4 protein chains.
Amino acid sequence: MIISLELDGETPLYEQLRNQIVIGIATGGLAPQEKLPTVRQLAEDLGINTMTVNKTYSLLKQQGYIVIDRRHGAKVSPTIDESPNHSAELEGQLQLIIAQAAIRGMDQSRFQTICSQIFSKMTYQH
Amino acid sequence: MIISLELDGETPLYEQLRNQIVIGIATGGLAPQEKLPTVRQLAEDLGINTMTVNKTYSLLKQQGYIVIDRRHGAKVSPTIDESPNHSAELEGQLQLIIAQAAIRGMDQSRFQTICSQIFSKMTYQH
Amino acid sequence: MIISLELDGETPLYEQLRNQIVIGIATGGLAPQEKLPTVRQLAEDLGINTMTVNKTYSLLKQQGYIVIDRRHGAKVSPTIDESPNHSAELEGQLQLIIAQAAIRGMDQSRFQTICSQIFSKMTYQH
Amino acid sequence: MIISLELDGETPLYEQLRNQIVIGIATGGLAPQEKLPTVRQLAEDLGINTMTVNKTYSLLKQQGYIVIDRRHGAKVSPTIDESPNHSAELEGQLQLIIAQAAIRGMDQSRFQTICSQIFSKMTYQH
DNA sequence: GTGGTCTAGACCACT
DNA sequence: GTGGTCTAGACCACC
C-alpha cells in the first residue's frame, strides 16, 4: 500500500495518514486482521516523527478501525462497528459537497456516475 | 436565512460560516445578486468577532461565490464559474466519505438515495 | 482547586491530571461552565510539559467532561451526557475493588459507610 | 474457573490475569489452599507467554494472595493479611469511581444496590 | 522489539 | 494569547 503525504498541506499529517489508512481498509489494500507497520517503521518510511504516527494509530484505534495487540502491534480490526450516528454526520458532509458541486455546474447524473465509480473500488465486506 | 455556529466544534468559525453561506446559495436561501449583511451586522448577530466574518467574506470572494463592491457591500455573484479542476478535488473528498460509509456498512443504493434527497433541495440554476 | 501529581508514580501524568479534574468536577471544585487554566499556565504551575496537559484536555474533551471554545479556551461542559454503557464498566471496576476489600476483611456495612462518606462530598447536579 | 483475557485491551495481560484470580479467590472459585495450575500449563491454556504468567504469580505472591512452594507449585494462601493501609488505597479508587458515577447521573441508592449485589457473591471467609 | 509516555522547544491557525 | 501540530530524542512497560 502506497502512502503519500503533503508535508506543506493544510491537513495535519496525522489526519492525512489516518484518511489514507481508512481508504486502504475500504479498498482492500489493507485486509481485516492484516498487520500494520510498526510505529517506528512507518515513521521512518514516511520521514516523519514517531509521535505523529503514534497519534494516527491512537485515533484509528479510538474510532474502531484498528486494534492494538500488546504482543504483535497494530492490525486492522476483524470487524468494524456499524456506528449508528454516522449517518447524520455523513449527510452533513454530503450536503456541503453536493452544494458545491451543484453551484459548479455538475448535474446529478454526473455526480452519481462518479460515486458509482468510487463505490466499485470499495471491496470491504462485513 | 438561519445560520448556527458550533462555538465548541472542531471546524473553524470562519469555515462553518463559509460553508453555511455556500449551502444557502445552492439551496436558494441566497439568490444570485442578493445582498449579504454587512460584516459588522453579521458579526453582531452571530456574536462573533468582525475579523472572523471578514475572513469568511474574503474567502468566499476569492472562491468566486460572492463579489464585494466597496459602495454597496457584498452580494452573491451573478454567475459562478464552473471551475474545471473542482472535479478532482471533489473526487478526493468523495473517496474518503464513501470509504467510511462502506466500512460502516452502508450499501450503494442507500447512499445514492441520500444523495438524491440532498440534490432535490438544490435549486441553483446556471 | 489543588492538584498534586506523583511524578514517579506508575499512573501516567496525563491520567492523574485527568482523574483529579474529574473529581474536581464531581465535588464542585470546578463548576459547570467554569473556565479551566490555559494549557501553558497549568503546565507551568505543575512543572510539566504543555503536551502532557494538552493530552489531558483532549482526553477530557473526548470523554465529554469539558468543551473547548476556540475563543476562550477550555471550560467544564455545561451538561455531561449520561453515558449508557458506563454502567457495565462501573460494575467491572467495582467487582474488583469489592473482591479485594472482602479478602482484606472489610465487611459490607463498613464498605457502605465509606461509600456514603465519599458520596456526600459529590455536589454535581444534573 | 474460567479466565478470559482481552488481548487488545488497555490493561496489561499480567494485570488482567491477576485481577481475575483475585476475584476467583473472593467469590470462591478458588478456595484457600487450593492449588493453582503451573505457570507452564496456564500459559499454554491461555495462549500467552510463560513470562507473563510468571509475573502474575510473583505479583500475587508479593501481595499475599498466594504462596509458592518450590515442590508443590503455587496455591492460594491459607490466610490473607488484613492489610491495614489497604483502606487508604481503597478510598482513593472509590473516590474516582464514585465521582464518575455521580457525573454520569447515577444516584447513591442505585450505586448501593449494585454494591450489594456484588457483595452477595463474595464468599471468602476469614 | 512493540507501543506508550514525557520533555523541550518550535511554529501555526484561529479569534 | 488560545489550543493544535510537529520534531528529535529519550526512557519505560509489556511481552
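Note on naming: letters A, B, ... go to the chains in the order of the sequence lines (proteins, then strands), and numbering restarts at 1 for each one. Fair warning: this is a prediction, and the values are worked out from it, not measured in the lab.
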Margin query: With heavy-atom distances below 4.5 Å as the criterion, would you say the side chains of C:Lys55 and C:Arg18 are in contact?
Written below: no
Next item on the list: Taking all heavy atoms of C:Gln16 and all of C:Leu5, pick out the closest pair and write down the distance.
Entry: OE1-CA, 3.5 Å
Notebook entry, point to check: Is it the case that B:Arg40 places NZ or CZ above or below the six-membered ring of B:Tyr57, under 6.0 angstrom from the centre and within 45 degrees of the axis?
Noted result: no
Next item on the list: Grab the CD-P distance between D:Glu15 and F:dA13 for me, whole Å please.
Entry: 13 Å
Margin query: Assess the residue pair D:Tyr65 and D:Ile21 against the criterion (side-chain contact (heavy atoms from CB on, under 4.5 Å)); give the C-alpha distance rounded to whole Å, side-chain angles, the decisive distance to 0.1 Å, and a yes or no.
Written below: CA-CA 9 Å; D:Tyr65 291 103; D:Ile21 291 176; over 6 Å; no
Margin query: Please identify the 5'-most and 3'-most nucleotides of DNA chain E with any atom under 4.0 angstrom from a heavy atom of chain C.
Written below: E:dT5 to E:dT15
Checklist line | Protein-nucleotide distance (D:Leu5, atom CG; F:dC14, atom C1'), rounded to Å | finding: 14 Å
Notebook entry, point to check: Below 4.0 angstrom from OP1 or OP2 of F:dC15, is there any side-chain N or O of D:Tyr14?
Noted result: no
Item checked: With sequence neighbours excluded, residues passing side chain to side chain donor-acceptor pair (under 3.5 Å) with A:Arg70 -> none
Margin query: Using a 4.0 Å cut-off on heavy atoms, which residues in residues 32-39 of chain C reach DNA chain F? List them by number, or say none.
Written below: C:Thr38, C:Val39
Next item on the list: Name all stems that contain residues of DNA chain E, defined as runs of 3 or more consecutive Watson-Crick or G-U wobble pairs, both distances under 3.5 Å.
Entry: E:1-14 with F:1-14
Note to self: Tell me the closest heavy-atom pair linking D:Ser77 and D:Gly64, and the distance in Å.
What the structure shows: OG-O, 2.9 Å
Notebook entry, point to check: Hey, is the side chain of A:Arg70 poking within less than 4.0 Å of OP1 or OP2 on F:dC15, counting only N and O atoms?
Noted result: yes
Note to self: Among residues at least two apart in sequence or on other chains, which ones pass ring-ring contact (aromatic ring centres under 6.0 Å, His included) with A:His126?
What the structure shows: A:Tyr124
Next item on the list: Sequence neighbours left out, what pairs pass side-chain hydrogen bond (donor to acceptor under 3.5 Å, both in side chains) with at least one residue falling in residues 42-54 of chain B?
Entry: B:Gln41-B:Asp45
Note to self: Quick check on DNA chain F: between C:Gly73 and C:Thr50, whose nearest nucleotide comes earlier from the 5' end?
What the structure shows: C:Gly73
Note to self: I want to confirm an ordering. Mapping C:Arg40 and A:Arg71 to their closest nucleotides on DNA chain F, which one lands closer to the 5' end?
What the structure shows: C:Arg40
Notebook entry, point to check: Would you say A:Lys35 has more than 12 foreign heavy atoms packed within less than 6.0 Å of its NZ?
Noted result: yes
